[in-house]
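Each remark here refers to the structure printed beneath this line.
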Amino acid sequence: TPVVKALLPERLILPLHQHIGEAAEPIVEVGDKVLKGQMIAQASGFISAPVHAPTSGRIADIGNHPVPHPSGLKALSIVIESDGEERWIAGRPVKDYTTLEHSSLRNMIREAGIVGLGGAGFPSFVKLNPGPRNRIDTLILNGVECEPYIACDDMLMREYPEEIIGGLHIMRFALEARECVIAIEANKGYAFEAMQRAAAGYDLIRVIQVPTIYPHGSEKQLIKAITGKEVPANGLAAHIGVVAHNVSTSAAIYRAIQKGRPLISRYVTIAGAGVARPCTLEVLIGTPIRELLDQCGARYGDIERLIMGGPMMGFALRDDAAPVIKTTNCILAAGADQVARPQPAMPCIRCGLCADVCPVNLLPQQLYWHARAQDLDRLQEYNIFDCIECGCCAYVCPSAIPLVQYYRHAKGEIWTRERASKKADAARNRFESRQKRLEREKAERALRHKNKRAALRTAGPGSATDAKSAVVESAMKRAQQKRKEAMARVRQVSRPKKRPE
């Protein structure tokens with residue numbers, strides 16, 4: 001069905017942490033009036049992204065509110081009360097981006113708050129800066145939605161293929177890539193045709209179809225399927241001359257540069273047995289999920305589980321008051337027949353099915369044993385950080401072991417240990433630096449005393465008393481001079497001023 005705009009909500013909730021990296025910092029206060037597209041929170045670090053007002057209105061609150069996260073916890077957010085006027089801030093479109101320095105172009109993309117819209121949420125400007133040592137041969141646009149129900153990228157490619165191509169040109173200019181490939185699943189015929197028409201006439205752009213196999217939308221799997229290259233363990237795609245971006249990210253970059261509009265909205269698919277009218281909506285970021293469900297005819301009694309994302313890699317939401325964020329591509333109001341009821345985990349029977357289906361060719365069974373034993377060093381030896389958490393291993397496990405949860409917990413433990421190790425190293429370095437400084441100062445004092453004694457011995461008998469007297473006399477003269485200057489300042493201040501005649 002055609003994409004329609006979601007209704008403008010009365011209140012928009014904008015979490016300050018909608019991306020990988022440091023959370024944004026508010027630059028507005030409660031009571032401030034804001035315009036649509038105005039920056040309300042700035043990036044707080046290199047790996048960070050600002051947040052903009054999706055509509056005009058008033059800042060109603062800056063505090064903790066529900067956010068879409070598996071924990072169900074609240075996080076710092078900015079709440080905007082809409083005035084219904086949708087008044088835009090003055091934009092700064094660029095007529096010819098090829099006249100800009102690459103760093104200036106990346107900075108504009110950063111200031112627009114654009115992050116990866118395929119679900120990862122990594123700040124896009126960082127991936128457009130591969131570094132001087134990495135020559136980019138291939139720029140891939142990922143139009144593969146390999147999970148069921150999700151249709152936001154499919155509909156965007158059908159309706160705005162020219163904007164996607166426009167963003168592709170901007171990214172190719174920033175990366176100086178030699179070729180561009182747009183990858184689309186074989187079951188998206190209308191999108192494939194639309195993108196082919198939009199890319200016609202550009203020799204450096206290829207539009208290809210890839211098999212509909214889960215998880216082909218994962219970056220590493222898509223790169224292997226298209227180029228035959230494998231991203232090295234603990235490495236980046238840029239290390240093998242490839243950069244991949246989502247098609248929605250490309251359209252957002254086009255709008256930011258050519259139209260001067262920051263990232264304030266996105267396509268979101270609303271699906272599942274719990275809604276009467278499944279569809280894809282154009283949604284303002286910050287819109288409460290409950291309002292989208294109401295617009296699609298929610299049947300709350302039929303919703304067994306509310307999931308953000310797809311059924312494989314998505315996570316259950318505990319509160320439908322949580323808002324849509326930049327990485328929200330799908331809200332699945334799943335019925336009882338669409339989700340499996342949790343089963344008690346049984347002992348591993350060593351069947352090996354998990355290893356057969358792992359798309360990264362890991363050994364999930366070994367990772368599971370080492371994760372249970374908290375053997376973090378062995379986990380890293382088995383390349384746990386190459387796991388993309390696709391859920392294939394847990395899906396086929398006959399013992400219903402929640403393997404992905406074990407891996408996520410183990411990754412968190414490793415990160416915590418590394419942070420603690422870095423803090424300990426920093427503390428040790430500070431201590432050693434202080435000790436070196438104290439020893440150096442002690443040595444310098446000893447050298448001064450030694451030189452002084454040597455000078456006194458050279459001067460002969462009676463020179464020590466004369467030297468001490470000279471030091472005392474010099475100190476007394478300095479003290480007398482300071483007293484004179486202080487008395488002069490006091491007299492100057494206390495002197496009565498002459499009245500004008």
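Across Gln366, Arg372, His370, a single residue satisfies side chain to side chain donor-acceptor pair (under 3.5 Å) together with Tyr368, and that is Arg372. Tested against Leu281, the residues Val324, Ile270, Val268 include a single side chain to side chain contact (heavy atoms under 4.5 Å, CB included) partner, Ile270.
Between the Ser218 side chain and the Pro215 main chain, no donor and acceptor come within less than 3.5 Å of each other. Under the 3.5 Å distance criterion, the side-chain polar atoms of His17 are left unmatched by any main-chain donor or acceptor of Ala24. Between the side chain of Arg277 and the main chain of Gln295, a donor-acceptor pair closer than 3.5 Å is present. Panel note: side chain Asn142, backbone Gly217; a donor-acceptor pair is recorded below 3.5 Å. Side chain of Ser77 to main chain of Ala75: a donor-acceptor pair is present (N/O by atom type, distance under 3.5 Å, no hydrogens or angles). In terms of modelled atom types and a separation under 3.5 Å, the side chain of Glu291 and the main chain of Leu7 share no donor-acceptor contact. Under a 3.5 Å cut-off, the side chain of Thr227 and the backbone N or O of Lys224 do not form any donor-acceptor pair. Judged by distance alone, the side chain of Thr212 and the main-chain N or O of Glu185 form no donor-acceptor pair under 3.5 Å. Although no hydrogens or angles enter the test, the distance criterion places a donor-acceptor pair under 3.5 Å between the side chain of Ser250 and the main chain of Ile164. Under a 3.5 Å cut-off, the side chain of Gln18 and the backbone N or O of Pro15 do form a donor-acceptor pair.
For the residue pair Glu179 / Thr138, a side-chain donor-acceptor distance below 3.5 Å is found, with atom types taken as modelled. Between the side chains of Tyr214 and Gln221, no donor-acceptor pair of N or O atoms lies under 3.5 Å. For Thr269 and Thr280, the side-chain atoms include at least one donor-acceptor pair closer than 3.5 Å.
Shown here for Gly274 and Asp302, the closest heavy-atom pair between the two residues is CA-CB, 4.5 Å. The shortest non-hydrogen separation linking Ala43 to Arg110 is CB-NH2, 3.7 Å. Between Pro323 and Gly286, the shortest heavy-atom distance links the atoms CB-O, 3.5 Å. Between Pro161 and Ala198, the closest heavy-atom pair is CB-CB, 3.7 Å. What you find for Thr327 and Gly116 is that their closest heavy atoms are CG2-O, 4.1 Å. When all heavy atoms are compared, the tightest approach of Thr328 to Ile331 is CG2-CD1, 3.8 Å.
Side-chain contact between Pro311 and Tyr149 is present, with at least one heavy-atom pair separated by less than 4.5 Å. Leu332 places none of its side-chain heavy atoms less than 4.5 Å from the side chain of Leu306. The closest side-chain heavy-atom distance from Cys330 to Cys152 is not below 4.5 Å. Counting heavy atoms from C-beta on, the side chains of His52 and Ile40 never come closer than 4.5 Å. For the pair Asp337/Glu304, no side-chain contact is recorded, criterion being any heavy-atom separation below 4.5 Å from C-beta on. In this structure, the side chains of Leu168 and Ile205 come closer than 4.5 Å at one or more pairs of heavy atoms. Here the side chains of Ile285 and Val51 are not in contact, with every heavy-atom distance at 4.5 Å or above. You'll find the side chain of His102 reaches within 4.5 Å of the side chain of Phe173, heavy atoms only.
Taken from CG in Leu367 to CD in Glu381, the straight-line distance is 11.5 Å, to the nearest 0.5 Å. Atoms SG and CG, from Cys358 and Leu353 in turn, are 13.0 Å apart once rounded to the nearest 0.5 Å. The distance from atom SG of Cys354 to atom CG of Leu403, rounded to the nearest 0.5 Å, is 6.0 Å. With rounding to the nearest 0.5 angstrom, the CD1 atom of Ile414 is 13.0 Å from the OG atom of Ser421. To the nearest 0.5 angstrom, Ile253 atom CD1 is 11.5 Å from Met108 atom CE.
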Report the C-alpha separation of Val126 and Asn129 in whole Å, then their side-chain angles, then the decisive distance to 0.1 Å, and conclude whether the side-chain contact (heavy atoms from CB on, under 4.5 Å) test is met. CA-CA 5 Å; Val126 179; Asn129 184 18; over 6 Å; no
Asp137/Val242 under side-chain contact (heavy atoms from CB on, under 4.5 Å): CA gap, chis, key distance, verdict: CA-CA 6 Å; Asp137 298 317; Val242 182; over 6 Å; no
Can you list the steps and then say if Thr249 with Val115 is a side-chain contact (heavy atoms from CB on, under 4.5 Å)? CA-CA 7 Å; Thr249 306; Val115 302; over 6 Å; no
ring-ring contact (aromatic ring centres under 6.0 Å, His included), that's the test. Do Phe46 and Phe125 meet it? Break it down for me. CA-CA 10 Å; Phe46 180 69; Phe125 79 95; 5.5 Å; yes
Before you tell me yes or no, could you show the steps for Glu230 and Lys220 under salt bridge (Lys or Arg N to Asp or Glu O under 4.0 Å), namely the whole-Å CA-CA distance, both residues' side-chain angles and the distance that decides it to 0.1 Å? CA-CA 7 Å; Glu230 287 192 9; Lys220 292 182 179 180; over 6 Å; no
Walk me through whether Ile184 and Met157 qualify under side-chain contact (heavy atoms from CB on, under 4.5 Å). CA-CA 10 Å; Ile184 304 171; Met157 288 187 287; 3.9 Å; yes
Should Lys127 and Glu219 be marked as a salt bridge (Lys or Arg N to Asp or Glu O under 4.0 Å) after you check the CA-CA gap, both sets of side-chain angles, and the distance that decides it? CA-CA 13 Å; Lys127 293 179 71 173; Glu219 180 178 273; 3.1 Å; yes
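Ion pairing between a basic and an acidic side chain is recognised when a charged N comes within 4.0 Å of a carboxylate O; Arg408 and Glu413 show no such pairing. Between Arg266 and Glu282 there is no salt bridge, since no side-chain N of the basic residue sits under 4.0 Å from a carboxylate O of the acidic one. Salt-bridge annotation for Asp154 and Lys188: absent, with no side-chain N of the basic residue lying under 4.0 Å from a carboxylate O of the acidic one. A salt bridge links Lys411 to Glu389: one of the charged nitrogens lies within less than 4.0 Å of a carboxylate oxygen. Remark: Asp61 does not engage Arg11 in a salt bridge, criterion side-chain N to carboxylate O under 4.0 Å. In this structure, Glu163 pairs ionically with Lys259, as a charged nitrogen and a carboxylate oxygen lie closer than 4.0 Å. Taking a cutoff of 4.0 Å between a charged side-chain nitrogen and a carboxylate oxygen, Asp425 and Lys422 do not qualify as a salt bridge.
For Tyr202, the OH atom counts as loosely surrounded, since its 6.0 Å shell holds 12 or fewer non-hydrogen atoms of other residues, nucleotides or ligands. Crowding of Lys74 atom NZ: a count of heavy atoms from other residues, nucleotides or ligands under 6.0 Å not exceeding 12. By the 6.0 Å contact criterion, CD on Glu10 is open, its count of non-hydrogen atoms from other residues, nucleotides or ligands being 12 or less.
Residues His19 and Phe122 place their aromatic rings such that the two centres sit no closer than 6.0 Å. Checked against the 6.0 Å centroid threshold, Trp369 and Tyr382 do not count as a close aromatic pair. Tyr254 has its ring centre no less than 6.0 Å from the ring centre of His169.
The cationic atom of Arg290 (NZ for Lys, CZ for Arg) lies less than 6.0 Å from the six-membered ring centre of Tyr300 and within 45° of the ring axis. Taking the ring axis of Phe192 as reference, the NZ or CZ atom of Arg158 does not stay both within 45° of it and closer than 6.0 Å to the ring centre.
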